[in-house]
Amino acid sequence: MLKVRESNYDLLRIISAFAVIMLHVSGGFLVCNEEGIPTDCSLPVMLINHIVRFAVPCFLMLSGAFLLADERNADYNFFYKKSIRNIGITGAVFFLLYTMYRVAKLVMGVFVLHIDSTDTFLASLFFIFKDLLQGRPSGHLWYLSVLIGLYLVVPFVIRLNADFSGGGVELYGNITLIFLVLASLGYVTSEHKLMWDIGYAFYFLSYFIMGYKIRRWSDSHKDNGKAVLLIVSGFLINTVLAYINYLRGLEGLPVDTAKLWENPFSYGPLAPIEVIAACLVFAGFSVMKTKRDFSGLSGCTFLIYLVHAGVIDVIFILMGDRLFGNSPIEAVVVVIISVIVFVISLLFAEVYGKLKRRFWSRR
């Protein structure tokens with residue numbers, strides 16, 4: 001029996017992949033000092049940077065929506081073998097590639113361009129490998145480390161739900177919302193050292209379960225009008241948040257911090273306001289009805305996510321400071337660069353996918 005694609009979720013994957021790129025590109029134009037106060041407070045760029053913050057939570061909910069719905073994943077042997085094949089090998093490759101890239105940049109800066117001091121070489125090298133051990137050889141790869149922790153517990157969660165259901169209680173029921181609230185509170189009040197720490201991954205397990213819950217709820221609520229309303233509501237919440245943070249920046253207050261007590265409108269993948277906005281956007285796409293086929297491009301989104309940060313870094317190095325600080329055109333530049341990064345990342349993803357399939361076909 002052929003697997004039926006759900007085009008609405010394929011579309012969400014593609015939009016989320018582009019949104020992550022816009023998030024990281026716009027972040028380069030919203031430089032903050034050590035206190036989290038922006039040195040260039042541009043409202044259009046701030047709007048872009050906030051509106052697209054639904055992307056990572058939606059990726060997590062997408063994973064949970066499908067992984068937890070497949071009863072075969074309760075089989076440890078089946079699920080772990082599949083996971084190693086699908087994300088484990090690719091993840092290890094990109095962990096190594098980004099570490100090598102950072103080392104190469106360091107060597108180039110110290111011994112070739114003489115931008116950095118030789119006295120700091122060993123210290124910088126130490127921090128590169130420390131980041132690797134902590135699960136973030138590149139900033140965006142924290143997500144992959146969290147996925148590893150989440151994938152480890154997927155079979156246990158499915159089995160636990162089956163045990164609860166047998167006793168008349170559903171683990172994926174209303175307790176899901178409680179988990180998400182507690183995870184959000186824990187996220188904004190804790191420090192996180194190891195991205196692959198199972199405790200840190202548990203924060204995001206609530207998104208996994210919420211994705212499954214919303215997807216099942218949406219089966220009886222398909223309506224494009226409702227979809228538009230939910231998605232726009234999520235965007236409006238982040239629009240208001242962007243304006244508030246813009247005003248805070250003008251007043252010399254921190255805007256980019258995960259500490260709730262320092263900034264009640266803080267943002268991050270599990271900051272309270274972002275949780276609400278992301279769930280609304282995900283619910284909107286869940287009830288959306290579309291018959292167009294987006295499966296081809298959707299299948300490349302994981303690799304696009306892995307590649308894009310390196311592409312952005314290279315572009316920013318080549319750009320230097322030439323386009324920064326010019327507020328009237330910054331938002332346009334963000335969009336243009338994001339499109340370029342998406343296309344280049346897609347090309348890399350397709351090449352890598354072909355190489356991987358050719359390699360595995362010989363195994």
Side-chain angles (χ1 to χ4, degrees), residues 1-23 47-48 50-71 157-158 161 165 170-181 183-184 204-243 267 269-302:
M1 180 177 179
L2 293 176
K3 182 179 179 181
V4 178
R5 301 292 307 189
E6 296 187 47
S7 297
N8 52 327
Y9 289 120
D10 283 335
L11 178 60
L12 177 57
R13 286 188 183 90
I14 297 166
I15 292 175
S16 294
F18 186 71
V20 166
I21 292 172
M22 293 192 75
L23 173 66
L47 283 171
I48 292 174
H50 281 64
I51 289 174
V52 298
R53 287 183 175 266
F54 67 89
V56 171
C58 282
F59 271 136
L60 290 165
M61 285 187 277
L62 280 164
S63 296
F66 289 90
L67 290 177
L68 297 180
D70 190 344
E71 294 182 354
V157 174
I158 295 174
N161 179 61
S165 300
E170 186 185 1
L171 177 63
Y172 301 149
N174 294 331
I175 197 173
T176 303
L177 181 59
I178 298 174
F179 281 172
L180 191 54
V181 171
S184 180
F204 297 95
L205 180 60
S206 55
Y207 269 137
F208 255 46
I209 299 175
M210 181 61 77
Y212 172 89
K213 181 69 176 177
I214 292 177
R215 181 189 176 208
R216 200 172 66 172
W217 163 82
S218 69
D219 288 341
S220 58
H221 294 83
K222 297 293 184 182
D223 184 303
N224 283 340
K226 187 181 295 183
V228 172
L229 179 61
L230 289 167
I231 294 169
V232 170
S233 298
F235 287 169
L236 282 176
I237 288 174
N238 276 340
T239 299
V240 172
L241 179 60
Y243 186 66
Y267 47 74
L270 267 170
I273 295 177
E274 295 300 339
V275 168
I276 297 171
C279 286
L280 286 171
V281 172
F282 185 82
F285 278 93
S286 295
V287 299
M288 181 183 294
K289 295 186 292 184
T290 177
K291 295 182 179 180
R292 296 195 63 179
D293 183 11
F294 303 101
S295 58
L297 188 53
S298 173
C300 297
T301 52
F302 178 59

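None of these values were measured; they are calculated from a predicted model. Just so it is clear, the values below take in all heavy atoms, side chains as well, and ignore hydrogens, waters and symmetry mates.
- Here the shortest heavy-atom pairing between Thr301 and Ala17 reads CG2-CB, 3.9 Å.
- Contact of the Leu180 side chain with the Leu270 side chain is registered, since non-hydrogen atoms from C-beta on lie closer than 4.5 Å.
- In this structure, CG in Asp10 is found 7.0 Å from CG in Asp293, a value given to the nearest 0.5 Å.
- Residues Phe282 and Leu230 fail the side-chain proximity criterion, which asks for heavy atoms closer than 4.5 Å.
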Test log, rule side-chain hydrogen bond (donor to acceptor under 3.5 Å, both in side chains), inputs Tyr9 and Ser286: CA-CA 7 Å; Tyr9 289 120; Ser286 295; 2.9 Å; yes

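- Judged by distance alone, the side chain of Asn8 and the main-chain N or O of Lys289 form no donor-acceptor pair under 3.5 Å.
- Counting all heavy atoms, side chain and backbone alike, Ser16 lies closest to Cys58 at OG-CB, 3.9 Å.
- The minimum heavy-atom distance between Asn238 and His50, with the atom names listed, is ND2-O, 3.1 Å.
- At distances below 3.5 Å, at least one donor-acceptor pair connects side-chain atoms of Ser63 with backbone N or O atoms of Phe59.
- A 4.5 Å side-chain heavy-atom check between Asp223 and Val287 finds every atom pair outside the cut-off.
- Here the side chains of Thr239 and Leu47 are in contact, with some heavy-atom distance below 4.5 Å.
- Although no hydrogens or angles enter the test, the distance criterion places a donor-acceptor pair under 3.5 Å between the side chain of Tyr207 and the main chain of Pro269.
- Asn224 contributes no side-chain N or O that, together with a main-chain N or O of Met288, makes up a donor-acceptor pair within less than 3.5 Å.
- Nearest heavy atoms, Gly234 versus Val281: CA-CG2, 4.1 Å.
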Chi angles and distances behind the side chain to side chain contact (heavy atoms under 4.5 Å, CB included) call for Leu68, Val157: CA-CA 8 Å; Leu68 297 180; Val157 174; 4.1 Å; yes

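- Of all non-hydrogen atoms in Phe294 and Ser7, the two that sit nearest each other are CD1-O, 3.6 Å.
- Aromatic rings of Phe235 and Phe54 (six-membered ring for Trp) have centroids within the 6.0 Å cut-off, being under it.
- Of all the heavy atoms in Ala55 and Val20, the pair that sits closest is CB-CG2, 3.4 Å.
- The shortest side-chain heavy-atom distance between Ile237 and Glu274 does not fall under the 4.5 Å cut-off.
- The closest donor-acceptor contact from the side chain of Arg13 to the backbone of Ser298 lies at 3.5 Å or more, if one exists at all.
- Looking only at side-chain heavy atoms (C-beta outward), Met61 and Arg215 stay at 4.5 Å or farther from each other.
- The ring of Phe66 has its center no closer than 6.0 angstrom to the ring center of Tyr212.
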